[in-house]
Each structure stands twice: as C-alpha cells, then as structure tokens.
Protein chains: 2
Amino acid sequence: MARKTSYHHGNLRAALLKAALEILEREGLAGLTLRKVAARARVSHAAPAHHFPTLKALETALATIAFERFRDAMATARAAAANDAAAQISAAGEGYLTFARENPALFRLMFVESQLDWSDAALKEAATASFQQLVEITAPFADQLGLASEADRAELQRLVWANAHGFAHLYIDGKMPADAKAPDLARFLMPAKSPPRS
Amino acid sequence: MARKTSYHHGNLRAALLKAALEILEREGLAGLTLRKVAARARVSHAAPAHHFPTLKALETALATIAFERFRDAMATARAAAANDAAAQISAAGEGYLTFARENPALFRLMFVESQLDWSDAALKEAATASFQQLVEITAPFADQLGLASEADRAELQRLVWANAHGFAHLYIDGKMPADAKAPDLARFLMPAKSPPRS
DNA sequence: GCGATATCTAGTCACTGTCAAGATACCGTT
DNA sequence: AACGGTATCTTGACAGTGACTAGATATCGC
C-alpha cells in the first residue's frame, strides 16, 4: 500500500526502481544518479541507501529487470515465428535488436561488466536465462547445417550471438542507418533454402 | 621542447593525452577524470581547460587516436595474411578483436556515442578510415560468394561488421571464455573451400 | 502497550567538471 | 632591445555526485 502520510514510503524499493527506469529512458545511462532517483521518488537523498547500499547495487537490480525483459522480448518474437530453425534464428535476432532499440540505455547498462555486481545471484540467473534463448535456437540450426563436432557447434553459437549483439550495439551507437535490418544469418548459411543471389 | 623550468609546460596537450591513455589503461573508462589527468601531467586541475575545454573534448581527441590505432591494427593483421578474400576477412576480424582485447577501455570509449563529439572532423575522419578497412575486404568476399545486388552486398557488409564488433564486445564484457576465438565467417560462408563438417 | 528494529531525514566529506580572476611566460611588432 | 598583447597556467570557487554518520520516526514482534 503506497501511503501518502509521510516518512515511511510503503514500497520504496519498487518506487526507486521505477524512477530509475524512467530516468534511464529520459536521460540515458549517464543521467542516472542516486540523488535524482531519490528526488523523483520524493524522498531524501540518502533514503535509497538502505535498499541499495551503493549505486552499483541499484544498477545491478535494474540490469536484472532488464535481462528479464530482454528474455521476454526474444521469447515473444520467437513465439510469433514459424517453428523451424531458420525462422527461429531470425526471430530471436529481431527480438534481440528490438529490445536494444527500444531500451538503449538499459542495453548498455546490461553489457558494461564493470558497472554491475556479477556476484549477485539474481542477476546471473536472469542473464543466463536470456542467453539460454540463443542456445536453444542454435542447436536445431546446427543440426540443419550438419555440424557435428562440439567445436563447430560452439563456433556457430558464438557467431549467432556475436551477430545479434554486434548489430544491436552498432545500431544504438548510430553506426547503422535507421532503417537497416539485422543481417539474417540463416539466409547466408542455408543457401539451399533461400539463396542470396537476388 | 619539454621544459622543466615551470609554468609553461612546453607541450601540455600531448602530455595530457599521454597521461589520459595511461589512466585509461590502468583504471578503465570510469577512472578517467580531468583532474587525475592534470595531476598525472604535473599540472593544476584547471590547466587542461585551454587545450580541452571539456571532458568530452578530451575523450573525443582520445577516440581519434584510438581509431587510428584501430585502423593500424587491422591493416597490420591484413598485411600479414594471404591476399585472398577469406584470409583477409579472417585477418581483419583478428585485428579488430586484438585491438579490443588489448585496449578494452579505449574500445568502449570509441563506441559510446553520447560520450564523444561526432561533429569533430578529425574524429569522423579517423572513424571512417577504420571502417573503410571492412568495406575493402567485404567487396572481394561478396564477389566470391556471387552476391550481385547492392542489397545483398550491404547485408554481407553488416554481417561482417556485426560479427567482429559483437564478438569483441562480448569478449571484453567477459561473456566469452578467455580462449574463445572469433567466429570465422569465411569458414561458414564458403563451405566449398573449408567445410565446417569436422 | 512497549521496546526493538527497519526505514527515512539531515548533515557532512571527498571528489568531480566547469567557470572566473589573476599570475606568468612567450611572441611579434616597433 | 623593449614593450604590449596574448596564450598558457594557477588559484579559488560553485554545484552536483556517491557515500558515510547521527538522529528522528514509524512499524512490527512480543
């Protein structure tokens, strides 16, 4: 129950996270400060300390939420796509990019290692669950390409991830035209199905 | 002439850049502050202002230097490789990754758009020269793959870049095992020459 | 109902980037 | 050769930051 009476907020932790997400969206990663978060939650500058002892702790909690949304974005895109290896690869890539495009500040926060506390169990779990999406779609893709050895399958795994991750980064850094689409790996790797010969 | 006499430094601008690069290497991007740079150059905290009116200006100058080294890293790797499309693609990717691995803080600085002044001509030129390396190697690669349309060639271009960029980012963020190698695009896209069938 | 504890406020500290004012050395003109 | 203008550097200040301490207030267990 959010109480207006005073002093005790009711659910300050949630309110701080909400305020932080709003600031992140409006001002970007550089604009995120503990004091602004506190002010936006109508609370003194030292109030967050009890819920998030340090800025890094707040950012870690934010990243955990972000990884959950990130996973959902990929899962939603996959669910809307056909259930074959190529379509799933493309869909997951789309989900990856969509999340980055709609939440550039969050995306950056998630992937600047030194800024987060990776000893936090919740963060590790959320991140692992996200990346698991990529593992799931790569296996049938590798089968279809006839990759047998673990080394080859691992390399394909890295390729799938690097492609999605790299394009997302380049896109939010303004290095790609606004209407550029993510490279479709399936299209290049499975020429038998849809050869890029235009 | 670096003069020790006092007051006038001699070549403070260069000394500041040198100090900044050292701090970047030792303490990472978050540890880079104007005051630390000034202190390391044995100069008062406001001395940098005349050479770099703002922190962003210093970072822009650093990024310009970084892009030049970045281009050199790729050029060196390419020069040491065979002169065929596949080898050049792999070599450029190696150079890309090597630079990121050896200069993670610089690499991050180069690719956080909001932190740099992209209206700066020198920065834009250095960055363009770097990316030109990728354009050069992609053309013969596209020829060899039989890609004719501009759309297909552009998509291959994005794929080459995204793969290198994404792997580099994931690597310096600790998302890849220390001994992981960058995915070899040529190996996957030209199965006739070296099929990944292990 | 009452005390222990969780939660929040107020004040402070060192550090940051930036600005203003003044001191010092250099450089071109005469 | 001297002198004035200018570029360079120092000192001092200000607001904003994360983090810490001490104290005020509300909630919860008993």
Side-chain angles (χ1 to χ4, degrees), chain A residues 1-20 22-24 26-63 105 108-109 112 114-117 120, chain B residues 1-20 22-24 26-63 105 108-109 112 114-117 120:
Chain A
M1 316 295 157
R3 189 60 40 71
K4 292 224 161 191
T5 58
S6 66
Y7 232 93
H8 280 53
H9 181 282
N11 195 354
L12 183 54
R13 191 189 146 92
L16 290 172
L17 289 172
K18 180 167 176 289
E22 290 166 358
I23 291 175
L24 225 39
R26 286 163 210 238
E27 308 183 32
L29 189 48
L32 182 72
T33 73
L34 271 177
R35 291 171 108 103
K36 275 196 230 166
V37 171
R40 180 166 257 271
R42 312 305 221 109
V43 120
S44 87
H45 68 266
H50 200 271
H51 301 275
F52 305 103
T54 180
L55 176 60
K56 192 182 223 176
L58 172 62
E59 291 173 331
T60 297
L62 287 171
R108 256 190 251 279
L109 176 66
V112 179
S114 59
Q115 209 150 7
L116 303 179
D117 175 15
D120 184 275
Chain B
M1 324 287 160
R3 188 60 39 72
K4 292 223 161 191
T5 58
S6 65
Y7 231 93
H8 281 52
H9 181 282
N11 195 354
L12 183 55
R13 192 191 144 92
L16 290 172
L17 289 172
K18 180 167 175 289
E22 289 167 359
I23 290 175
L24 224 38
R26 285 162 210 239
E27 309 183 33
L29 188 49
L32 181 72
T33 73
L34 271 177
R35 290 173 109 103
K36 275 197 229 167
V37 170
R40 178 165 258 270
R42 312 304 221 111
V43 120
S44 85
H45 68 266
H50 202 271
H51 301 276
F52 305 103
T54 181
L55 176 60
K56 191 183 222 175
L58 172 62
E59 291 172 331
T60 296
L62 287 172
R108 256 190 252 279
L109 175 67
V112 177
S114 60
Q115 210 150 5
L116 303 179
D117 176 15
D120 183 275

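A, B, ... follow the sequence lines: proteins, then strands. Residue 1 opens every chain.
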Leu32(A) CG to dG16(D) C1', in whole Å, measures 15 Å
Value for CG (Leu16(B)) from CZ (Arg40(B)), rounded to nearest 0.5 Å, stands at 12.0 Å
Between CG of Leu55(A) and P of dT16(C) the distance, given in whole Å, is 16 Å
By nearest-heavy-atom nucleotide on DNA chain D, the more 5' of Ala46(A) and Lys36(A) is Lys36(A)
Here the distance between atom P of dG17(C) and atom CG of Leu16(B), to the nearest Å, is 13 Å
Query - dC9(D) OP1/OP2 closer than 4.0 Å to side-chain N/O of Ser44(B) - result: no
Here the distance between atom C1' of dT16(C) and atom CG of Leu34(A), to the nearest Å, is 15 Å
Per atom distances to the Leu12(B) side chain, the nearest of dG17(C), dC9(D), dT9(C) is dC9(D)
Separation of dC26(C) atom P from Asn11(B) atom CG, nearest Å, is 14 Å
With a 3.5 Å distance limit and no angle check, can you tell me whether Thr60(B) reaches the backbone of Asp117(B) through a side-chain donor-acceptor pair?
yes
To the nearest 0.5 Å, atom NZ of Lys36(A) lies from atom OG1 of Thr33(A) at 5.0 Å
Ranking His50(A) and Thr54(B) by the position along DNA chain C of their nearest nucleotide, the one closer to 5' is His50(A)
Whole-Å distance, Phe52(B) CZ to dC19(C) P, equals 16 Å
Shortest non-hydrogen pair, Ala105(A) vs Leu24(A), comes out as CB-O, 3.5 Å
Here the distance between atom C1' of dG18(D) and atom NZ of Lys56(A), to the nearest Å, is 14 Å
Check if the side chain of His45(A) and the base of dG11(C) share a donor-acceptor pair of N or O atoms closer than 3.5 Å. yes
Minimal heavy-atom distance between Pro48(A) and Leu34(A), with the atoms involved, is CB-CD2, 4.1 Å
From CD1 of Ile23(A) across to C1' of dG18(D) the rounded distance in Å is 15 Å
Requested in this report: Look at all strands and tell whether His51(A) reaches a base, only sugar-phosphate, or nothing, counting heavy atoms closer than 4.0 Å.
Outcome: sugar-phosphate
